[in-house]
A.B. asks: 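Here's a structure for you.
First listed ligand is number 1; within each ligand, the first listed atom is number 1. Excluded from the calculations below are hydrogen atoms, water molecules and symmetry mates; all remaining heavy atoms, backbone and side chain alike, are included.
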Amino acid sequence: MIKTAYYQDLTKMNTFGMKVKARCFMEYDSVADLVDIEFEELARPVLHIGGGSNLLFTDDFKGTVLHSKIDFIEMLDQEDCHSDRAERVEKSQETVLVSVGSGVIFDDFCDWAAKEGLWGVENLSYIPGEVGASAVQNIGAYGVEVKDVIRKVYCYDTVEEEFVNFDVEDCEYGYRDSVFKDPEIKGRYIVTHVVFALSRTPQPKLEYGNLKTVLEGLPEGSLTPVQIRKAIIKIRKEKLPEPSVMGSAGSFFKNPVISVEHFERIVAAAKAEYCQDYKVPHYIVECHGVTETMIKVPAAWMIEQCGWKGKRSGGAAVWEKQPLVIVNYTGEAYPEEIIGLEKRIIASVKTKFDVELHPEVEHI
Ligand code: EPU
C-alpha cells in the first residue's frame with residue numbers, strides 16, 4: 001500500500017529534529033508498490049529517506065520524499081544459495097543468509113540476529129537508521145562496516161523500471177561510501193531489501209577501542225553476540241547523545257585521511273604544545289588505489305584540540321562527550337545555527353591543522 005501526504009511535517013522523520021515540511025511524502029510497504037509509482041510524474045527533486053539519521057534538512061523540501069516500510073527479516077533456504085564450491089565450503093562454516101527489508105530499523109535487525117545466535121552485526125548495534133540506508137551509507141562502528149556482512153543489495157531501478165540486484169563487489173564500498181552515492185546515479189536505485197551473510201560460528205571482533213575492557217570478566221571463548229551487543233550499546237550510550245532525548249545525526253564529520261608527512265607535522269606541533277611523550281591518536285589505513293601509506297586522524301581529537309568540546313552556539317552545540325557530534329541542543333535549533341557551527345569548526349581545524357574536514361551528514 002502506498003500512503004501519500006502533502007505538506008508533511010518531517011520533524012520526527014529526521015533525527016536532528018529540524019522542523020521542516022515536505023511538499024509531497026510517499027510511504028510504501030511492499031516491494032511491488034514501487035512498480036505502481038509513476039516516478040516521472042513525481043514533484044522534483046525526489047529524495048528517498050531511511051531513518052533520517054544522516055540528514056540535515058536546511059529548509060522545507062520542495063519535491064517528493066519517499067520512505068520504505070518494507071519490513072521483513074527472513075532466513076533464506078541455504079540449499080538454494082550455495083551453488084558453487086566456495087559457497088558450499090562457506091556453508092560448512094555455518095554461514096546463514098538473511099534477507100532483510102529496507103524499512104527494517106537496523107538495530108531491530110541487530111537485536112534479532114543476536115537473539116538467533118548469529119554473528120556479524122553485533123558491533124553495529126544501536127546505530128540509528130534503517131537497513132536500506134545502511135547499504136547506501138556503508139555504516140560502520142567498532143571495527144566493522146556493514147559491507148563486511150552484505151552479500152547482495154536488491155533495488156528497484158527507477159529509470160529502467162525494473163528490479164535489479166548488486167553483488168557486494170559491485171557496490172564499490174568505501175568509508176561511508178558506495179556506488180549508490182555516486183552523483184551520476186544517485187537516487188536512481190531504490191534499495192528494497194538486503195541479503196546479509198551472518199555466521200553461526202563465533203567470530204567476536206573486539207579489537208576496537210575499549211570494547212575488551214567493557215567485556216572484562218566474561219571469558220572470550222564463550223562470548224555470545226548478545227553479550228557483545230550489550231557492551232556496544234553501553235559504550236554508545238555513554239558517549240553519544242540518546243536519539244530520543246537530544247537531536248543529532250551521529251558523527252557530523254568524516255574522519256580525515258592525511259599523508260604521513262602531514263601527520264608528522266601535526267605530531268611535532270602537538271609534542272611542542274604538550275610534551276615529548278604526547279601521543280596523537282591515529283590509524284594507518286590502506287586507501288583504495290593509493291599505494292602510499294595514509295593516516296586517519298580522529299576528527300573528534302582535532303575538534304577537541306580547537307576547543308569546541310561542549311561549546312554552544314544558539315540552539316546548536318558540540319556534544320560534550322564526543323565532539324564529532326553536533327546536537328540540536330534546545331530542540332529548537334535552526335538549520336542555519338547547525339551550519340554556522342559546522343563552518344566555524346571546519347575553519348578552525350583548517351587553521352590549526354591545515355586539514356579540511358568534510359561532513360558525513362548529507363545536507364538537503
Ligand atoms: N576522541 C577525542 N576526544 C573525544 C572523543 C574522541 O580526542 O572527546 C578521539 C580519541 O582518540 C578516540 C578517537 O577520537 O580514540 C576515536 O573516537 P571514537 O572511538 O568515538 O570514534 P570516532 O572515530 O570518533 C567513528 C564513527 C562512529 C562510530 C565510532 C566507533 C565516523 C565518522 N564515526 O567515530 O560512527 O560509532 O567510530 O566505531 O567514522 C556515526 O557514523 O554516526 C558514528 C557515530
A.B. asks: Out of all atoms in ligand 1, which are within 4.0 Å of some heavy atom of Gly250? Include the element for each.
C.D. replies: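 Once the distances to Gly250 are compared, the set is 42 (O).
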A.B. asks: Which atoms of ligand 1 have any heavy atom of Lys239 under 4.0 Å away?
C.D. replies: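 So the answer, numbered in order with elements, is 18 (P), 19 (O), 20 (O).
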A.B. asks: Would you say Lys309 contacts ligand 1, with heavy atoms under 4.0 Å as the rule?
C.D. replies: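 Checking ligand 1 against Lys309, which is what was asked, there is a heavy-atom contact under 4.0 Å.
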A.B. asks: Which protein heavy atom lies closest to atom 23 (O) of ligand 1, and at what distance to 0.1 Å?
C.D. replies: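 For atom 23 (O) of ligand 1, the nearest protein heavy atom comes out as Asn255 ND2, 2.7 Å.
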A.B. asks: Number the atoms of ligand 1 from 1 as they appear, then name those within less than 4.0 Å of a heavy atom of Pro281, with their elements.
C.D. replies: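 The list of qualifying atoms is 11 (O).
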A.B. asks: Could you check whether the rings of His193 and Tyr154 sit parallel, tilted or perpendicular, using 30° and 60° as the cut-offs?
C.D. replies: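 If you compare the ring of His193 with that of Tyr154, the planes turn out parallel.
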A.B. asks: At what distance is the nearest protein heavy atom to atom 1 (N) of ligand 1, and which residue and atom is it?
C.D. replies: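 Here the closest protein heavy atom is Ala300 CB, 3.7 Å.
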A.B. asks: Using the six-membered ring wherever Trp is involved, compare the ring planes of Phe106 and Phe196 and label them parallel, tilted or perpendicular (cut-offs 30° and 60°).
C.D. replies: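 Plane angle over 60°, so perpendicular.
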A.B. asks: Taking distance alone, with no angle check, do Gln322 and ligand 1 share an N/O pair under 3.5 Å?
C.D. replies: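 Looking only at distances, the answer is yes, because the N/O contact criterion of under 3.5 Å is met.
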A.B. asks: Please assess Lys147 against Asp177 for the test salt bridge (charged side-chain N to carboxylate O under 4.0 Å, His left out), listing each intermediate value before the final yes or no.
C.D. replies: CA-CA 10 Å; Lys147 73 164 174 55; Asp177 199 18; over 6 Å; no
A.B. asks: Look at the rings of Tyr189 and Phe180 and say which category their plane angle falls in: under 30° parallel, 30 to 60° tilted, over 60° perpendicular.
C.D. replies: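 It falls in the perpendicular class, over 60°.
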A.B. asks: Report yes or no: does a heavy atom of Pro323 sit under 4.0 Å from some atom of ligand 1?
C.D. replies: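 True for this residue.
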A.B. asks: Looking at OG of Ser68 and CG of Leu34, how far apart are the two atoms once the value is rounded to the nearest 0.5 Å?
C.D. replies: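 Reported to 0.5 Å precision, the distance equals 7.5 Å.
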A.B. asks: Are any side-chain N or O atoms of Asp182 and backbone N or O atoms of Lys186, one a donor and one an acceptor, separated by less than 3.5 Å?
C.D. replies: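 The answer is no, because no donor-acceptor pair under 3.5 Å joins these two groups.
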A.B. asks: Distance under 4.0 Å to a non-hydrogen atom of Tyr175: what atoms of ligand 1 satisfy this?
C.D. replies: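 Counting from 1, the qualifying ligand atoms are 31 (C), 32 (C), 39 (O).
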A.B. asks: Where the closest heavy atom to atom 27 (C) of ligand 1 is concerned, which of Pro298, Ala299, Ser251 has it?
C.D. replies: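 Comparing heavy atoms across Pro298, Ala299, Ser251, the nearest one to atom 27 (C) of ligand 1 lies in Ser251.
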A.B. asks: Show which atoms of ligand 1 fall inside a sub-4.0 Å distance from at least one heavy-atom site of Tyr283.
C.D. replies: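 Answer, ordered by atom number: 16 (C).
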A.B. asks: So, for atom 12 (C) of ligand 1, does the protein have a heavy atom nearer than 4.0 Å?
C.D. replies: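 Under the 4.0 Å cut-off, atom 12 (C) of ligand 1 has no protein heavy-atom neighbours at all.
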A.B. asks: Any idea which protein heavy atom is nearest atom 34 (O) of ligand 1, and the distance to it?
C.D. replies: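 Looking at atom 34 (O) of ligand 1, the protein heavy atom closest to it is Leu324 CD2, 3.8 Å.
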A.B. asks: Return the option from Tyr142, Tyr208, Phe252, Trp319 holding the heavy atom at the smallest distance from atom 37 (O) of ligand 1.
C.D. replies: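 Looking at heavy atoms only, Tyr208 sits closest to atom 37 (O) of ligand 1.
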A.B. asks: Closer than 4.0 Å to some heavy atom of Trp301 - which atoms of ligand 1 meet that?
C.D. replies: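 In order of numbering, the contacting atoms are 2 (C), 7 (O).
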A.B. asks: Checking Lys205 against Glu122 for the salt bridge (charged side-chain N to carboxylate O under 4.0 Å, His left out) test, could you report, in this order, the C-alpha distance in whole Å, the side-chain angles of both residues, the deciding distance, and whether it holds?
C.D. replies: CA-CA 9 Å; Lys205 299 207 169 57; Glu122 59 286 350; over 6 Å; no
A.B. asks: Would you please indicate if the ring centroids of Trp319 and Phe252 are separated by under 6.0 Å?
C.D. replies: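 Not under 6.0 Å, so no.
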A.B. asks: Between Gln322 and Leu324, is there a donor-acceptor pair closer than 3.5 Å when you use the side chain of the first and the backbone of the second?
C.D. replies: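 Side chain of Gln322 to backbone of Leu324: a pair is present.
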A.B. asks: What is the closest protein heavy atom to atom 36 (O) of ligand 1, and at what distance does it sit?
C.D. replies: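 Protein heavy atom with the smallest distance to atom 36 (O) of ligand 1: Arg236 NH1, 3.2 Å.
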A.B. asks: I need the contact type for Ala141 against ligand 1. Using non-hydrogen atoms and a strict under-4.0 Å cut-off, is it side chain, backbone, both or neither?
C.D. replies: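 Both backbone and side chain.
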A.B. asks: Are the charged groups of Lys21 and Asp9 less than 4.0 angstrom apart, N to O?
C.D. replies: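 Result for this pair is no, no salt bridge flagged.
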A.B. asks: For Phe253, take its heavy atoms, then give the atoms of ligand 1 lying under 4.0 Å from any of them.
C.D. replies: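 Near Phe253, the atoms of ligand 1 are 32 (C).
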A.B. asks: Is it true that Asp60 and Arg23 have a side-chain N and a carboxylate O under 4.0 angstrom from each other?
C.D. replies: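 Arg23 and Asp60: not salt-bridged.
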A.B. asks: Can you name the nearest heavy-atom pair linking Ala197 to Thr95, along with the distance?
C.D. replies: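 Looking at all heavy atoms of both residues, the closest pair is CB-CG2, 3.9 Å.
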A.B. asks: Of all the heavy atoms in Trp308, does at least one lie under 4.0 Å from an atom in ligand 1?
C.D. replies: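 No, Trp308 has no heavy atom closer than 4.0 Å to ligand 1.
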A.B. asks: Output the list of atoms in ligand 1 that are nearer than 4.0 Å to some heavy atom of Glu304, sorted by atom number.
C.D. replies: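 Every atom of ligand 1 under 4.0 Å from some heavy atom of Glu304: 2 (C), 3 (N), 4 (C), 7 (O), 8 (O).
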A.B. asks: How far is atom 26 (C) of ligand 1 from its nearest protein heavy atom, and which residue and atom name does that atom have?
C.D. replies: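 Among all protein heavy atoms, the one nearest atom 26 (C) of ligand 1 is Arg176 NH2, 3.5 Å.
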A.B. asks: In terms of the angle between their ring planes, are Phe61 and Phe57 parallel, tilted or perpendicular, with boundaries placed at 30° and 60°?
C.D. replies: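 It falls in the perpendicular class, over 60°.
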